[in-house]
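Report on the structure given below.
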Amino acid sequence: MANVISTNVNRATDANGNPVAGAKAYFYLSGTSTPVTVYSDAAATTPHPTPVVADGNGVFPPIFRASAVSLKVNVTTAGGAAVPGYPRDPVVIFSDQSTGAASVTFNPVAG
């Protein structure tokens, strides 16, 4: 199971809070300029193209990493200009060991 990469936002916005259509996200080993492969699926079998491109509303698709090694992420506009708040180093990576709603349980109590 792959680890989910959280860029702390799933939407690229400019300094005024407006979405950055077509923003580009680049991923590197933390503290370096060494690119890393990120994936579009939790099984880490389908690599994202580099860079990962946001949709017309600046929203990125889910991004996964096969290991929990710290990463740096840089986000630019479609034209390559810096997006405020980036690069971020390190980004949050957490294990996606959830099984969805099947993992939710309830323990009723008397009274």
Side-chain angles (χ1 to χ4, degrees):
M1 179 72 61
N3 297 294
V4 177
I5 297 172
S6 171
T7 58
N8 298 324
V9 293
N10 64 351
R11 180 182 228 183
T13 57
D14 64 18
N16 296 316
N18 299 313
V20 179
K24 298 176 181 179
Y26 300 86
F27 297 87
Y28 308 93
L29 290 175
S30 182
T32 75
S33 58
T34 304
V36 297
T37 301
V38 294
Y39 298 89
S40 62
D41 62 310
T45 58
T46 306
H48 267 298
T50 300
V52 177
V53 179
D55 67 15
N57 293 312
V59 178
F60 289 101
I63 302 167
F64 299 89
R65 175 82 172 126
S67 73
V69 174
S70 295
L71 296 180
K72 172 174 76 174
V73 63
N74 191 26
V75 176
T76 67
T77 65
V83 170
Y86 290 93
R88 290 189 181 162
D89 190 3
V91 295
V92 177
I93 300 175
F94 59 93
S95 177
D96 184 24
Q97 300 297 319
S98 63
T99 57
S103 65
V104 176
T105 60
F106 297 93
N107 294 321
V109 296

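In this chain, numbering begins with 1 at the start of the sequence shown. Values in this document were obtained by computation on a predicted structure and should not be read as measured data.
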For the atom pair [atom1] ([X]) and [atom2] ([Y]), what is the distance rounded to the nearest 0.5 Å?
X     : Y     : atom1 : atom2 : result
Thr34 : Leu29 : OG1   : CG    : 5.5 Å
Tyr86 : Thr76 : OH    : OG1   : 11.0 Å
Thr77 : Lys24 : OG1   : NZ    : 8.0 Å
Thr50 : Tyr26 : OG1   : OH    : 9.0 Å
Phe64 : Thr37 : CZ    : OG1   : 15.5 Å

Testing the basics here: between [X] and [Y], what is the closest heavy-atom pair and its distance to 0.1 Å?
X     : Y     : result
Gly22 : Val53 : O-CG1, 3.8 Å
Asn57 : Pro19 : O-CB, 3.0 Å
Pro61 : His48 : CG-CE1, 3.5 Å
Val73 : Val91 : CG1-CG1, 3.0 Å
Phe27 : Leu71 : CD2-CD1, 4.4 Å
Val20 : Ala54 : O-CB, 4.4 Å

Distance-only, no hydrogens or angles: does the [X] side chain make a donor-acceptor pair with backbone N or O of [Y] under 3.5 Å?
X     : Y     : answer
Ser40 : Thr46 : yes
Asp14 : Asn16 : yes
Asp89 : Gly31 : yes

Legend entry - Residues Phe60, Val52; criterion side chain to side chain contact (heavy atoms under 4.5 Å, CB included); working and verdict: CA-CA 7 Å; Phe60 289 101; Val52 177; 4.1 Å; yes
Inset, instruction - Answer with yes or no whether the hydrophobic clustering places Val69 together with Ile63; edges join I, L, V, M, F, W, Y residues whose side-chain heavy atoms lie under 4.5 Å apart. - result: yes
